[in-house]
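Each remark here refers to the structure printed beneath this line.
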Amino acid sequence: MNDAELLDELTAIRRRTQRDLNCGAWRWLLLWAGIFAGFVLTLAVPMLHPVAHWYWSAAVPLGLAGTVLVDLLNPETDRRVRRADWPYVATTVGITIANVAGSLLLPGAWVLVWIWIVFALGFAVLLRLEGEPRSARALVALAGVYGVVAPLTRDALSTSVVFGAVFVVALLLGAALGKLQETT
């Protein structure tokens, strides 16, 4: 084998390894887009406001369990190359701590502002870990826009509904991009 053939083989191995590492994120993005869509619905429909906290009490643990299940059922799970789990766990714990702290420390409508910013930044970290820098940057920008716009609005609840809907669309677009990259 000459140097050019060896270089071609190493390049092909690197590409396969990168593809193996970057497969499957779109599945958990779809799952969480559905969970966040449900939360947006509880915020958008006034008669559902009283169940918003109960929704989170059930949806988040089910979402975390669903994420693990999605990973286990992923046809690529038996791949030889796998990322470490601790950055994902640390990010999830960070999202949880930041949202609980914000819920305890921030007044009224600011809690919704904080929660969406934390979710956008947290999911940006998760997407970056998954090798999706464009989607991660889009979520960071979205968090920045919300942080600037939300204090200028009179109705934080309506603004939160709009931001939540945009966040769900961003997750769906990230899932579509991930699925597209997986097939190419």
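Closest heavy-atom contact between Val40 and Val161: CG1-O, 3.8 Å. The two atoms that bring Ile35 and Tyr55 nearest to each other are O-OH, 2.6 Å, heavy atoms only. Across all their heavy atoms, Thr91 and Val125 have their closest contact at OG1-CG1, 3.4 Å. The nearest pair of heavy atoms linking Ala120 to Leu139 is O-CB, 3.5 Å. Pairing each heavy atom of Leu43 with each of His49, the nearest pair is O-NE2, 2.8 Å. For Tyr88 against Leu129, the heavy-atom pair with the smallest separation is OH-O, 3.5 Å.
In this structure, the side chains of Ser135 and Leu177 come closer than 4.5 Å at one or more pairs of heavy atoms. Looking only at side-chain heavy atoms (C-beta outward), Ile95 and Leu121 stay at 4.5 Å or farther from each other. Here the side chains of Ser160 and Tyr146 are in contact, with some heavy-atom distance below 4.5 Å. At a threshold of 4.5 Å between non-hydrogen side-chain atoms, the residues Phe163 and Leu142 count as touching.
With values rounded to the nearest 0.5 angstrom, Glu132 atom CD is found 12.0 Å from Leu126 atom CG. Within the model, atoms CG of Leu112 and OG of Ser158 stand 10.5 Å from one another, a figure rounded to the nearest 0.5 Å.
Remark: the backbone N or O of Ala150 is paired with a side-chain donor or acceptor of Thr153 at under 3.5 angstrom. When atom types are taken as modelled, the side chain of Trp56 and the backbone of Phe39 share no donor-acceptor pair closer than 3.5 angstrom.
Clustering ILVMFWY residues whenever any of their side-chain heavy atoms sit less than 4.5 angstrom apart, transitively, puts Leu41 in a cluster other than the one holding Leu172. Leu157 and Val111 fall within the same hydrophobic cluster, defined by Ile, Leu, Val, Met, Phe, Trp and Tyr side-chain heavy atoms under 4.5 Å apart, directly or through other members. If you chain together hydrophobic residues whose side chains sit under 4.5 Å apart, Leu64 and Trp28 fall into the same group. When hydrophobic clusters are built by joining Ile, Leu, Val, Met, Phe, Trp and Tyr residues whose side-chain heavy atoms come closer than 4.5 Å, directly or via intermediates, Leu171 is grouped together with Leu30. Both Leu106 and Phe119 are members of a single hydrophobic cluster when ILVMFWY side chains are connected at heavy-atom separations under 4.5 Å.
A perpendicular orientation is assigned to the rings of Phe123 and Trp32, their planes being inclined by more than 60° (bins at 30° and 60°).
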